[in-house]
**Student:** 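One structure, as structure tokens, below. Some questions next.
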Amino acid sequence: MKPVNAEITEVVSETPTIRTFFFDRSFGSEPGQFVMAWIRGVDEIPMALSYNNAITVQKVGSATSALFELDKGDSIGIRGPLGKGFDRKPGHILLIAGGVGAAPLAPLAENAASDGIKVTTLLGARTKEELVFKKRFERAGDVIIATDDGSEGIKGYVTQLIDNTEYFSQIYCCGPEIMMKKVLDKILPSKAQFSLHRYIKCGLGICGACCMDGLRVCMDGPVFSGEALKKSEFGIYRRNECGERVKV
Amino acid sequence: MKPVNAEITEVVSETPTIRTFFFDRSFGSEPGQFVMAWIRGVDEIPMALSYNNAITVQKVGSATSALFELDKGDSIGIRGPLGKGFDRKPGHILLIAGGVGAAPLAPLAENAASDGIKVTTLLGARTKEELVFKKRFERAGDVIIATDDGSEGIKGYVTQLIDNTEYFSQIYCCGPEIMMKKVLDKILPSKAQFSLHRYIKCGLGICGACCMDGLRVCMDGPVFSGEALKKSEFGIYRRNECGERVKV
Amino acid sequence: MLSLKLTGIHLKNPLMLAAGIMGTTGGSMKRIAQSGAGGLVTKSIGVEPKSGHGNPSMVEVDCGYLNAMGLPNPSYKNFQQEIDTAKESGVPVIASIFGGCALDFSQIAGAIHADAFELNVSCPHAHGYGAEIGTAPALVEDITHVVKNVADVPVWVKLTPNVTNIKSIGLAAQKGGADAVVAINTVRAMAIDIDSGYPILGNRFGGLSGRAIKPVAIKCVYDLYEALDIPVIGVGGISDWKDAIEFIMAGAQAVEIGSAIGNNINVFNEISSGMEKFLSEKEWDLEDIYGMAHRL
Amino acid sequence: MLSLKLTGIHLKNPLMLAAGIMGTTGGSMKRIAQSGAGGLVTKSIGVEPKSGHGNPSMVEVDCGYLNAMGLPNPSYKNFQQEIDTAKESGVPVIASIFGGCALDFSQIAGAIHADAFELNVSCPHAHGYGAEIGTAPALVEDITHVVKNVADVPVWVKLTPNVTNIKSIGLAAQKGGADAVVAINTVRAMAIDIDSGYPILGNRFGGLSGRAIKPVAIKCVYDLYEALDIPVIGVGGISDWKDAIEFIMAGAQAVEIGSAIGNNINVFNEISSGMEKFLSEKEWDLEDIYGMAHRL
Ligand SMILES: Cc1cc2nc3c(=O)[nH]c(=O)nc-3n(C[C@H](O)[C@H](O)[C@H](O)COP(=O)(O)OP(=O)(O)OC[C@H]3O[C@@H](n4cnc5c(N)ncnc54)[C@H](O)[C@@H]3O)c2cc1C
Ligand SMILES: Cc1cc2nc3c(=O)[nH]c(=O)nc-3n(C[C@H](O)[C@H](O)[C@H](O)COP(=O)(O)OP(=O)(O)OC[C@H]3O[C@@H](n4cnc5c(N)ncnc54)[C@H](O)[C@@H]3O)c2cc1C
Ligand SMILES: Cc1cc2nc3c(=O)[nH]c(=O)nc-3n(C[C@H](O)[C@H](O)[C@H](O)COP(=O)(O)O)c2cc1C
Ligand SMILES: Cc1cc2nc3c(=O)[nH]c(=O)nc-3n(C[C@H](O)[C@H](O)[C@H](O)COP(=O)(O)O)c2cc1C
Ligand code: FES
Ligand code: FES
């Protein structure tokens, strides 16, 4: 599909570096799917859907900064929803969110909770102010918090909170790759799903830029089961824009 | 659509110059629609469907002669069904068939009769041996015959048989254009439908080769109501392959 | 709101019938005018009557059509009456003409009366040349020049996309005095019937039209807009109002529509009302979007 | 029944992965081999690492895809390990390489080990030349010749369709010593976002691939088969077994598949079984249909 025009209807500041952009249209996706957000004249970048009609963006570079210049009434181009989202399981699920990795997990939490699935969330960030969607996770179930500086919850990494994972029917994780790798090493791979970040060019499963071993993050993912990742390059290296291997 | 491969399963000799070619597939059409029959390496020509799975061909020139060389097991390419067929009306209908013009009318007769519509057919040909589908029309209702040489039925033209047309709910006509023009002049145009022959190139309503005034015979026809034809060039001139006007 | 002056000709909207589509008879062109076209380009007319290539002369492919009609036409000697009939619709009629050399073109242009001429330089039978006329800049310039000399109406030159550099052909037309260029004619292509191995077209190969070629045509229009001072008229794969807008943004002052008429004879009315709605929602007019992609 | 020898290389079937599609990493090529490809062509590799054009670098259009990746690649210095990984699949790996001059090509071909080289002469940045290398016969001949001198494996030359006469480019490759030609690369094209007027691609224009270009590619293959003595490898818009058959009938000894992989990673298996079924029903083998359209 070509990009469709999405007008920004509201901009919500989630943290000092993270904003949610709401649009005048929904991209009716399953939690975990993403879109390619085209900031015209600048770049097109992958973004998880944090609501049916919104993306939640951390300002990290040129395109995200350009996006931060936009306001209500401005518009961007959107291709999507793309990829495969989380595979929802019944029972009691555990969500592990690091930083802006909360974006695809919050709609999953809401979705699951409204269907009677029990949800527990481990929410981590650098500092108290950088916690994303705390309220949304709290409305969906229990929330345990970790901050690097101890400004809220436990001081340290969210991965340190992982315990008793046998207790959960499924674990859903999104955050920096190093954090996700630590999670993967601590749990039963077959019981966990991870939403990956890789350099995305086409988003259509064709160019191969996003490939992690044989898996296309844009098409076969971005959500993969722990088992698929276990013996892969996940957590070891990724590819840069040129396709060169870069240490994670 | 591209031509599909149609294998000839049976060839029936209807008259000394007319044969029916049955295929291994149906072109599920409404009576009056046609196909483009591609005799590979030779030509592609328009042919009415005389059955769901057959065309009935008069040998008149190069392509039809090439077709006559083919037998069971040979195959041709078929694009279709194309165009708009007869608009079926209830009541008691009159069919007027001249020569191979019987081809699209025979399935109409059968179709109508099986739905309880009364069918009367005026069937004309040069001579007794050239009468096409006499049995099919007889099974569907009354048949009145005219031959040029009087070898069967009334001697003269089928158009001479036209009488009491007010009696019929609809008149369906196919045959040489001069004959159809005579019919049109004798009846109430709004009550009659004519299946036209014009030079067909694309069969897709694009090239305009088949145009009769603004009407595309291949797409808006080949069946037209008498009213649409009344003030047209119908019966006066047609276009040759070059688009030049040629007297009918 | 859609009206414009194109090379001096007033059009009620920028949507014209493309050459070779329902353009052989006055009656068929009139019908297209009645269904909303702003202008009518006739079938390409040559010096002598021509029956064209044998059938199949057109076939639908995955995303468009392949045709090799072979320029069937009744010759200019039999064509003025068709133009005159078409003119009764009140819409400008542009005579598309073709030939194998400059002389052919000037002979026809000198004899035919129309609101403009569109030179179809894609004839594959250039006298004394192997390839299409339209691939040789010098020939295109010469033909344009000769027709300009005999014609007292605007002369448009229709370009083939089957060249390494369409700008150089457009520049040649401009140098020859063309009032506008039209891009594009069909894209060289072919289809084979796998059941038999036969090329489907009677002529073996032909030209691709319809949706498949729109992105190719957009690029040609975009390039020509950059290179030329004269207007560019866009054609190739337009089937809805969005396509028409895209062409105008690429740099087309007006567009022509061909293949889409097959399945939708009402395409002109639909496109013009779609464009009007879009432009008024955006609070833009034709001038605003004309060549817009170049300014961004 | 589908196996063949192509320029001396044994392929279990005539279906190869096209250059630039899932061909940057050893892992992704291996996956394609596992899903049934008879051969793997890598992403085009250049002299220095290159990040390519900015996004959007690919977009779906009506009947295919438009892309302007800008040849992102890790350079040949980082690529041997990917080829070696891909080779573990047991399927021949063809290294696609590109450069701005003959020297670039020979530098890479002299350093990389693969089962064959495919020269992508469609690089728009020819050193000291304005246009693509692949549009100039003399350059194509020279580059082919130079690579043939350093390479001890077959050399294929991949042609662009964006030329007036693809035969002349094919003949140049043959004269330079090419073992085969591959046709076609993408067709120059463009798309504009009508909501904003922006060209969609970061690079403004790009190349069309997918279904839309199949009839164009078929014609190129058909023409090259007529003109050349070396094998032609067909590519462009293949998405099912019928398409593959059509290419072989047009004169392709083998084919490559690109865009179709997006929606159907299993396309190789499906095509090879579809072809086998068709051929056995018709009681034909590959040799029977190879170039069949030329004999009818
Ligand atoms: C499936 C997926 C979902 C994502 N969801 C979110 C989200 O919900 N919220 C969020 O803030 N971020 C998300 N990201 C990350 C986001 O795409 C990058 O932060 C963004 O592209 C940075 O763009 P930039 O121009 O501002 O940064 P740049 O200045 O271009 O570079 C900063 C870093 O951003 C990354 N990046 C740049 N371009 C791309 C690209 N095309 N594809 C992937 N990474 C790129 C690179 O790692 C680069 O090193 C997601 C990434 C993926 C792959
Ligand atoms: C809608 C339609 C339905 C038809 N149905 C039948 C039918 O059921 N049975 C039947 O026997 N005939 C039918 N015809 C007529 C049939 O198409 C011609 O008889 C046939 O094309 C002759 O081909 P030829 O090569 O043998 O003759 P040619 O030697 O080519 O010429 C003989 C005459 O056939 C006509 N003809 C040739 N090519 C075409 C063409 N492409 N389109 C139209 N006419 C052409 C011309 O009038 C020509 O003068 C139909 C025609 C049309 C338009
Ligand atoms: C059946 C057919 C006949 C055509 N005949 C002509 C012609 O006579 N002269 C000409 O300049 N172009 C001719 N063309 C090309 C069209 O005018 C147009 O350039 C092309 O089809 C692309 O537009 P489209 O995609 O809207 O059809 C013809 C195209 C078709 C499909
Ligand atoms: C995303 C993408 C990247 C491509 N990269 C290359 C490349 O690096 N080198 C090359 O020779 N061709 C490249 N091509 C062209 C393809 O190899 C192929 O020639 C073209 O896409 C037509 O085939 P298809 O329709 O099957 O995709 C690329 C095509 C696409 C779609
Ligand atoms: S980004 Fe191109 S295949 Fe995933
Ligand atoms: S035959 Fe082409 S429009 Fe009817």
Side-chain angles (χ1 to χ4, degrees), chain A residues 1-7 24-25 36-46 62-63 66 74-80 82-83 198-220 228 231-234 237-246, chain D residues 17 20-35 43 45 48-62 65-67 69-70 72-75 77-79 81-82 85 191 193-202 209-210 258-265:
Chain A
M1 86 232 54
K2 289 198 194 167
V4 299
N5 198 54
E7 192 180 310
D24 62 348
R25 56 202 302 162
M36 290 301 284
W38 176 30
I39 303 99
R40 294 174 178 118
V42 183
D43 199 354
E44 188 195 40
I45 53 175
S62 55
D74 292 329
S75 52
I76 67 170
I78 295 266
R79 288 195 289 143
L82 303 170
R198 276 291 183 277
Y199 191 74
I200 308 281
K201 266 187 108 67
C202 71
L204 298 163
I206 295 175
C207 75
C210 64
C211 283
M212 204 202 48
D213 290 323
L215 300 172
R216 298 168 296 180
V217 170
C218 73
M219 190 86 177
D220 307 314
K231 279 170 303 188
S232 78
E233 63 197 44
F234 176 69
Y237 64 86
R238 53 178 189 86
R239 304 278 177 168
N240 67 9
E241 295 88 331
C242 308
E244 293 169 297
R245 296 178 189 206
V246 181
Chain D
L17 177 68
I21 282 80
M22 288 189 71
T24 311
T25 80
S28 58
M29 288 187 272
K30 238 168 136 171
R31 178 171 182 198
I32 299 293
Q34 276 149 14
S35 67
K43 175 71 195 170
I45 302 302
E48 296 299 336
K50 205 164 166 333
S51 60
H53 299 310
N55 277 355
S57 50
M58 190 159 184
V59 64
E60 202 177 344
V61 292
D62 277 351
Y65 300 92
L66 195 57
N67 91 81
M69 309 303 289
N73 80 91
S75 106
K77 300 160 200 159
N78 297 310
F79 202 64
Q81 60 182 330
E82 311 294 345
T85 305
D193 174 50
I194 63 162
D195 280 300
S196 65
Y198 270 96
I200 297 181
L201 293 179
S209 67
S259 305
I261 285 162
N263 289 320
N264 183 7
I265 192 112

**Student:** Answer with side chain, backbone, both or neither: which region of D/Tyr65 has an atom nearer than 4.5 Å to a non-hydrogen atom of chain A?
**Tutor:** side chain

**Student:** Could you state the interatomic distance from OG (D/Ser196) to CH2 (A/Trp38), rounded to the nearest 0.5 Å?
**Tutor:** 4.5 Å

**Student:** Kindly compute the distance separating CG (D/Asp195) from OG (A/Ser75), expressed to the nearest 0.5 Å.
**Tutor:** 7.0 Å

**Student:** Drop me the distance from D/Lys43's NZ to A/Cys242's SG, to the nearest 0.5 angstrom.
**Tutor:**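 The distance works out to 11.5 Å.
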
**Student:** Between atom CE of D/Met69 and atom CD of A/Glu241, what is the distance when rounded to the nearest 0.5 Å?
**Tutor:** 12.0 Å

**Student:** Nearest 0.5 Å, please: how far is CG in A/Asp213 from OG in D/Ser28?
**Tutor:** 9.0 Å

**Student:** A/Asp220 versus chain D, heavy atoms under 4.5 Å apart: side chain, backbone, both or neither?
**Tutor:** side chain

**Student:** How close do D/Val59 and A/Met1 get, counting heavy atoms only, and between which atoms?
**Tutor:**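 Shortest heavy-atom separation between D/Val59 and A/Met1 comes out as CG2-O, 4.0 Å.
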
**Student:** Nearest 0.5 angstrom please: D/Ile261 CD1 to A/Leu204 CG, how far?
**Tutor:** 13.0 Å

**Student:** Which pair of heavy atoms, one from A/Gly214 and one from D/Met22, lies closest together, and at what distance?
**Tutor:**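 Answer, listing the atom of A/Gly214 first, then D/Met22: O-CE, 3.9 Å.
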
**Student:** If you look at every heavy atom in A/Ile200 and D/Asn55, which pair is closest and at what distance?
**Tutor:** O-ND2, 3.1 Å

**Student:** So which of D/Ile200, D/Asn78, D/Ile21 has the largest heavy-atom pair count under 4.5 angstrom toward chain A?
**Tutor:**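 Result: the option with the highest number of such pairs is D/Ile200.
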
**Student:** What I want to find out is whether D/Lys50 reaches A/Glu244 closely enough, with some N-O distance under 4.0 Å, to be called a salt bridge.
**Tutor:**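 Salt bridge flag = no for A/Glu244 with D/Lys50.
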
**Student:** For the residue pair D/Thr24 and A/Cys211, establish whether any side-chain heavy-atom pair is separated by less than 4.5 Å.
**Tutor:** no

**Student:** Based on non-hydrogen pairs under 4.5 Å, which of D/Pro199, D/Ser51, D/Gly23, D/Gly202 is most in contact with chain A?
**Tutor:**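 The residue among D/Pro199, D/Ser51, D/Gly23, D/Gly202 with the greatest pair count is D/Ser51.
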
**Student:** Under 4.5 Å from any heavy atom of chain D, what part of A/Arg79 do you find: side chain, backbone, both or neither?
**Tutor:** side chain

**Student:** Could you look at A/Met36 and say if it's the side chain, the backbone, both or neither that has a heavy atom under 4.5 Å from chain D?
**Tutor:**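 For A/Met36, side-chain heavy atoms alone lie under 4.5 Å from chain D.
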
**Student:** I'd like to know if A/Lys2 and D/Asp62 make a salt bridge, using a cut-off of under 4.0 Å between side-chain N and carboxylate O.
**Tutor:**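 Salt bridge: no.
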
**Student:** I'd like to verify something: which residue of D/Ile194, D/Ile32, D/Asn73 has the highest number of heavy-atom pairs under 4.5 Å with chain A?
**Tutor:**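 The candidate making the most pairs under 4.5 Å is D/Asn73.
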
**Student:** Which heavy atom of A/Pro3 sits nearest to which heavy atom of D/Asp193, and what is that distance?
**Tutor:** O-OD1, 4.2 Å

**Student:** Which region of D/Asn263, side chain (C-beta onward) or backbone (N, CA, C, O), has a non-hydrogen atom less than 4.5 Å from a non-hydrogen atom of chain A, or is it both or neither?
**Tutor:**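 Both backbone and side chain.
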
**Student:** Where do D/Gly52 and A/Lys201 come nearest, in terms of heavy atoms and distance?
**Tutor:** C-NZ, 4.4 Å

**Student:** Quick check for you: among D/Gly20, D/Pro74, D/Gly27, which has the greatest number of heavy-atom pairs under 4.5 Å with chain A?
**Tutor:**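 Between D/Gly20, D/Pro74, D/Gly27, the count favours D/Pro74.
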
**Student:** What's the shortest heavy-atom distance between D/Gly262 and A/Arg216, and which atoms?
**Tutor:** O-NH1, 3.5 Å

